[in-house]
Asks: 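Let me begin by handing over the structure; questions about it come next.
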Protein chains: 2
Amino acid sequence: MKAISPGRKVRGSKTGKPIMALLDLLGRRMTLRVLWELREGPLTFRALQTAAATNPSVLNTRLAELRQAGLVAHEGEGYALTPLGRELLAVFLPLHVWADRWADKVRVEVRKGGA
Amino acid sequence: MKAISPGRKVRGSKTGKPIMALLDLLGRRMTLRVLWELREGPLTFRALQTAAATNPSVLNTRLAELRQAGLVAHEGEGYALTPLGRELLAVFLPLHVWADRWADKVRVEVRKGGA
DNA sequence: CTTCATGCTATGTTTTCCGTAGCGTTTTGT
DNA sequence: ACAAAACGCTACGGAAAACATAGCATGAAG
């Protein structure tokens, strides 16, 4: 397993700068989604699989990466965000609201330009 | 080309909820990176390719998606964030700072637990 | 009219992801 | 006690995405 952590070589960047490592991690399928699905509390492996609508192999890969990155941990109640993970997610929470406004905007744009 | 826009079917979610469409879009390789590289101003296709350390085919795919999503536009000076794109990026700007703190934290965690 | 930069396509290889089946273990129910 | 269910997770084959490189068409500049 190629661990993702700051300072290590990263897809698309040899510098290993933290921001690049982070963008690399977050740019993998289901990473953002998993963090998102954990926003309200811990989930079991299988619940997470259902919530994120993915398969065990990808999920397991992502969880391994997220655990190594210190963003997710596996305790008694299942998988949960670490304090660090909660910090990161906090940055994304505004996205929920923004996404709805985006939806309206883009619909409008499409109508203006489209058929 | 499978356009990404809110309300459409999305990888990993049939609901088409805006947030899911957004997470899908952002969870593709180089999407976040491209937005990030455009944070300081417009770049030409080739400059962007260099900055993001990617290849023309992926870059072109991402740019098409980002344009359809109304986040990036192609004008005289090259590719640039739209107002909407700048809004979205604004959400991510704190990541830069956060990533550095993350780097320190994770290094410490690794040292504590590791060899 | 050559040279250069631009935006982009084409092609083949490698990597990643997907979908399903299933294993070993622990909990739950009877 | 024992079957049934849920748990975390692995294996594997096929599909899709990404990577790397080459090259083309256009337009501006020398």
Side-chain angles (χ1 to χ4, degrees), chain A residues 1-4 8-15 20-21 23-38 41-69 71-82, chain B residues 1-4 8-14 20-21 23-38 41-69 71-81:
Chain A
M1 219 273 294
K2 272 173 290 180
I4 298 180
R8 182 153 324 192
K9 259 195 309 266
V10 168
R11 262 186 341 194
S13 165
K14 275 96 187 163
T15 66
M20 295 307 166
L23 292 179
D24 180 33
L25 173 59
L26 299 181
R28 298 186 178 183
R29 216 162 277 175
M30 291 299 153
T31 305
L32 279 170
R33 181 71 179 270
V34 165
L35 292 174
W36 184 257
E37 297 296 345
L38 291 177
L43 290 176
T44 68
F45 187 92
R46 281 169 129 96
L48 197 48
Q49 186 185 328
T50 301
T54 186
N55 59 4
S57 53
V58 171
L59 179 57
N60 192 40
T61 305
R62 290 299 163 268
L63 284 173
E65 291 164 0
L66 287 168
R67 291 166 80 173
Q68 288 223 20
L71 302 175
V72 163
H74 187 207
E75 314 134 32
E77 327 89 50
Y79 285 95
L81 296 175
T82 62
Chain B
M1 218 274 294
K2 272 174 292 181
I4 297 179
R8 182 154 323 192
K9 260 195 308 266
V10 166
R11 265 185 339 194
S13 165
K14 275 96 189 162
M20 294 307 166
L23 291 178
D24 180 32
L25 173 60
L26 299 180
R28 299 186 178 184
R29 217 162 277 174
M30 289 301 153
T31 305
L32 280 170
R33 181 70 179 271
V34 164
L35 292 174
W36 184 257
E37 297 296 345
L38 291 177
L43 291 176
T44 68
F45 187 93
R46 282 168 128 95
L48 197 48
Q49 186 184 329
T50 301
T54 186
N55 61 357
S57 52
V58 171
L59 179 57
N60 193 39
T61 305
R62 290 298 163 269
L63 285 174
E65 291 165 359
L66 287 168
R67 291 166 79 173
Q68 287 223 23
L71 301 175
V72 162
H74 188 207
E75 315 133 30
E77 326 88 51
Y79 286 93
L81 297 174

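So you know, we letter chains A, B, ... as the sequences are listed, proteins then strands, and number each from 1.
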Asks: Just by protein heavy atoms under 4.0 Å, how would nucleotides 3-10 of chain D read 5' to 3' in B, S and -?
Replies: ----BBBB

Asks: With rounding to the nearest 0.5 angstrom, report the CG to CG distance, B:L71 to B:L38.
Replies: 10.5 Å

Asks: Please check: side-chain N/O of B:R33 versus main-chain N/O of B:A51, any donor-acceptor pairing under 3.5 Å?
Replies: yes

Asks: Look at B:R62 and D:dA18 and indicate whether a side-chain polar atom (N or O) is within less than 4.0 Å of OP1 or OP2.
Replies: yes

Asks: Rounded to the nearest Å, what distance is computed from the CZ atom of residue B:R28 to the P atom of nucleotide D:dA18?
Replies: 7 Å

Asks: How long is the line joining CZ of A:R29 and P of C:dT15, in whole Å?
Replies: 17 Å

Asks: For B:E77 and B:P42, which heavy atoms make the closest approach, and how far apart are they?
Replies: OE1-CG, 3.7 Å

Asks: Please find the pair of heavy atoms, one from A:E37 and one from A:L48, that lie closest to each other, and give the distance.
Replies: CB-CD1, 4.0 Å

Asks: Mind checking the CG-CE spacing from B:D24 to A:M30? Nearest 0.5 Å is all I need.
Replies: 7.5 Å

Asks: When the distance from CG of B:L59 to P of C:dG7 is rounded to whole Å, what number comes out?
Replies: 10 Å

Asks: Has the side chain of A:T31 got a donor or acceptor atom that lies under 3.5 Å from a matching backbone atom of A:G27?
Replies: no

Asks: Rounded to whole angstrom units, what separation is found between the CD atom of A:E65 and the C1' atom of C:dC17?
Replies: 12 Å

Asks: Hey, can you tell me if B:Y79 and B:H74 have their rings parallel, tilted or perpendicular (30° and 60° cut-offs)?
Replies: parallel

Asks: To the nearest angstrom, how far is B:L25 atom CG from D:dA17 atom P?
Replies: 14 Å

Asks: Can you list the steps and then say if A:T50 with A:R46 is a side chain to side chain contact (heavy atoms under 4.5 Å, CB included)?
Replies: CA-CA 6 Å; A:T50 301; A:R46 281 169 129 96; 5.6 Å; no

Asks: Tell me: CG of A:N55 to P of C:dG22, nearest whole Å?
Replies: 17 Å

Asks: Keeping the roles fixed (side chain from B:T54, backbone from B:Q49), state whether a donor-acceptor pair exists under 3.5 Å.
Replies: no

Asks: So what is the end-to-end bend of the helix from C:dC1-D:dG30 to C:dT30-D:dA1, with 5 pairs used at each end and the value given to 10 degrees?
Replies: 30°

Asks: Using atom CZ of A:R33 as one end and atom P of C:dC18 as the other, report the distance to the nearest whole Å.
Replies: 11 Å

